[in-house]
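Report on the following structure.
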Amino acid sequence: MSSEKNADFVLSGSILSGALIETRSAGYSFAHHLHSAVEIYRILSGKCCMTVGSETIHCKSGDFILILPNVLHSFCLNVSSDCTFIHIHFNPSMFTHIIVEDNGVCPTSLMHALLFSSRFYYRFSNDTALDSMLGELLKLHASPSGPFADAAINVLLITLMLYLLNKNAAGHPAASPRQNSYVAFTLNYIERNYMNKIRQSDIASQLQISVRYLSRLFKDYTGIPLSSYINIYRINRSIELMEETDLTLTEIALAVGFSNAQHYSKTFISIINEPPSQYRKRLLK
């Protein structure tokens with residue numbers, strides 16, 4: 001099987017969609033949701049609680065949290081504490097074109113590396129280097145200046161992601177490049193084929209490995225079964241269609257690879273814990 005290669009990318013056009021300091025009042029909550037963006041919180045004062053994937057984390061002043069794409073998460077405050085935090089979110093698509101390893105059947109991109117190094121999120125406390133980079137992002141986003149401001153933002157985001165990988169590397173043993181490439185191939189396959197029927201046997205066959213080995217490897221890397229990830233990915237794409245189009249829920253269900261609206265609704269409820277119709281209404285408020 002030939003190696004996939006597509007490392008072309010441009011730095012013009014900032015991938016940063018938001019960078020600001022927010023304050024939320026005691027009792028505030030934002031229910032479970034999904035998105036394709038990378039989301040960063042840096043707690044400046046107060047406390048908050050987040051559910052990220054299968055974990056519940058309690059954050060305090062000084063904490064840095066980065067939530068990876070396609071991860072179910074929520075945010076809430078207790079009734080006695082306001083919370084002020086830096087809130088940054090950006091589109092990670094550029095990172096898929098930056099190759100950090102190419103020793104297998106599929107190149108491992110910077111985005112893959114971020115997913116492999118930490119399953120759902122990154123968390124660090126009181127890091128002056130992170131604070132410096134976040135401060136510069138806030139400044140550039142608020143007052144972009146010069147013809148290369150977008151490029152400067154994107155380079156800073158790349159630098160930030162590489163810093164996280166290096167900082168996190170000490171607690172994670174080096175993985176096999178070939179195993180990295182198997183999971184990278186699988187993630188790319190889902191991204192390109194989620195609108196169609198996906199058979200794990202088809203992926204395994206292209207990789208020339210067993211379905212059992214692929215399933216075990218994928219769960220080891222991502223923390224969730226392959227079938228669950230496919231459903232989460234499809235539900236996330238459906239949420240984007242809710243936000244960006246006027247398609248009916250039946251049309252959305254078919255567009256993201258579900259055989260019918262009933263299966264879509266059942267899967268949506270199992271992941272988000274509310275029907276898609278109710279979720280869509282909440283998006284439009």
Side-chain angles (χ1 to χ4, degrees), residues 1-9 15 34 36-38 52-55 66-72 91-124 157-234 236-237 257:
M1 180 168 46
S2 62
S3 177
E4 301 179 21
K5 294 183 182 293
N6 182 15
D8 297 332
F9 70 98
I15 61 175
L34 286 166
S36 300
V38 175
V52 185
S54 59
E55 298 183 41
L66 180 143
I67 301 173
L68 292 163
N70 299 307
V71 173
L72 189 67
N91 184 336
S93 58
M94 183 177 69
F95 297 166
T96 66
H97 301 292
I98 301 174
I99 305 304
V100 296
E101 183 180 73
D102 193 4
N103 296 321
V105 296
C106 176
T108 299
S109 70
L110 177 56
M111 194 65 238
H112 292 140
L114 288 165
L115 294 170
F116 298 164
S117 179
S118 188
R119 289 176 173 176
F120 302 119
Y121 66 92
Y122 288 78
R123 181 182 186 181
F124 300 106
L157 286 169
I158 293 171
T159 303
L160 176 59
M161 297 305 104
L162 290 172
Y163 178 82
L164 293 178
L165 283 176
N166 286 319
K167 189 175 177 68
N168 215 44
H172 291 78
S176 157
R178 180 160 289 273
Q179 290 179 338
N180 285 348
S181 73
Y182 288 159
V183 182
F185 179 91
T186 303
L187 291 167
N188 289 350
Y189 186 95
I190 294 167
E191 181 180 349
R192 294 169 183 165
N193 296 281
Y194 70 88
M195 68 294 295
N196 305 311
K197 186 170 184 177
I198 295 178
R199 296 181 178 89
Q200 295 186 32
S201 58
D202 290 341
I203 303 173
S205 176
Q206 292 191 49
L207 291 171
Q208 300 178 12
I209 60 177
S210 70
V211 173
R212 183 176 181 180
Y213 178 62
L214 172 63
S215 299
R216 178 173 62 81
L217 190 63
F218 191 90
K219 187 173 182 180
D220 285 345
Y221 269 63
T222 66
I224 58 175
L226 177 52
S227 57
S228 297
Y229 182 87
I230 293 169
N231 282 334
I232 290 171
Y233 193 92
R234 284 173 167 157
N236 200 6
R237 298 289 82 73

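As the structure is a computational prediction, the values presented were derived from the model and not from experiment. Residue numbers count from 1 along this sequence.
Side-chain contact between Ile198 and Arg234 is present, with at least one heavy-atom pair separated by less than 4.5 Å. The shortest side-chain heavy-atom distance between Tyr122 and Lys167 does not fall under the 4.5 Å cut-off. Using a 4.5 Å cut-off on side-chain heavy atoms (C-beta onward), Asp220 and Val183 make no contact. Between Pro69 and Val38 there is a side-chain heavy-atom pair separated by less than 4.5 Å. In this structure, Phe95 and Ile15 have side chains that are in contact, with non-hydrogen atoms separated by less than 4.5 Å. The shortest distance between side-chain heavy atoms of Ser181 and Asn103 does not fall below 4.5 Å. Residues Val105 and Arg178 are in side-chain contact: their nearest non-hydrogen atoms beyond the backbone lie under 4.5 Å apart.
Between Phe116 and His112, the angle of the ring planes stays under 30°, which puts this pair in the parallel group of the 30/60° scheme.
For the atom pair OH (Tyr229) and CG (Leu115), the distance works out to 6.5 Å, reported to the nearest 0.5 Å. Summarising the geometry, atom CZ belonging to Arg119 is positioned 8.5 Å from atom NZ belonging to Lys219; distances are rounded to the nearest 0.5 Å. Atom-to-atom distance recorded for Ile190:CD1 and Asn70:CG is 9.5 Å, nearest 0.5 angstrom. Taking CD from Gln179 and OG1 from Thr108, the interatomic distance works out to 11.0 Å, rounded to the nearest 0.5 Å. Taking CD1 of Ile230 as the reference point, atom OH of Tyr194 lies at 13.5 Å (rounded to 0.5 Å). Between Tyr163 atom OH and Phe124 atom CZ the span is 8.0 Å, to the nearest 0.5 Å.
The two atoms that bring Tyr121 and Ile67 nearest to each other are CB-CA, 4.3 Å, heavy atoms only. Counting all heavy atoms, side chain and backbone alike, Asp102 lies closest to Pro107 at OD1-CG, 3.7 Å. When all heavy atoms of Leu68 and Ser118 are compared, the pair lying nearest together is CD1-O, 3.0 Å.
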Exercise. Assess whether side-chain contact (heavy atoms from CB on, under 4.5 Å) is satisfied between Leu34 and Ile232, documenting all intermediate values.
Key: CA-CA 8 Å; Leu34 286 166; Ile232 290 171; 4.0 Å; yes
Practice problem: I would like to know whether Phe120 and Ile224 meet side-chain contact (heavy atoms from CB on, under 4.5 Å); could you show each step before the answer? | Solution: CA-CA 10 Å; Phe120 302 119; Ile224 58 175; 4.1 Å; yes
Self-check item: Test side-chain contact (heavy atoms from CB on, under 4.5 Å) applied to Asn188 and Thr96, step by step
Solution: CA-CA 9 Å; Asn188 289 350; Thr96 66; over 6 Å; no
Practice problem: Give the C-alpha distance, both sets of side-chain angles, the deciding distance and a yes or no for side-chain contact (heavy atoms from CB on, under 4.5 Å) between Gln206 and Tyr189. | Solution: CA-CA 10 Å; Gln206 292 191 49; Tyr189 186 95; 3.4 Å; yes
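Of the N and O atoms on the side chains of Ser117 and Asn168, at least one donor lies less than 3.5 Å from an acceptor on the other residue.
Between the side chain of Thr186 and the backbone N or O of Tyr182, at least one donor-acceptor pair lies under 3.5 Å.
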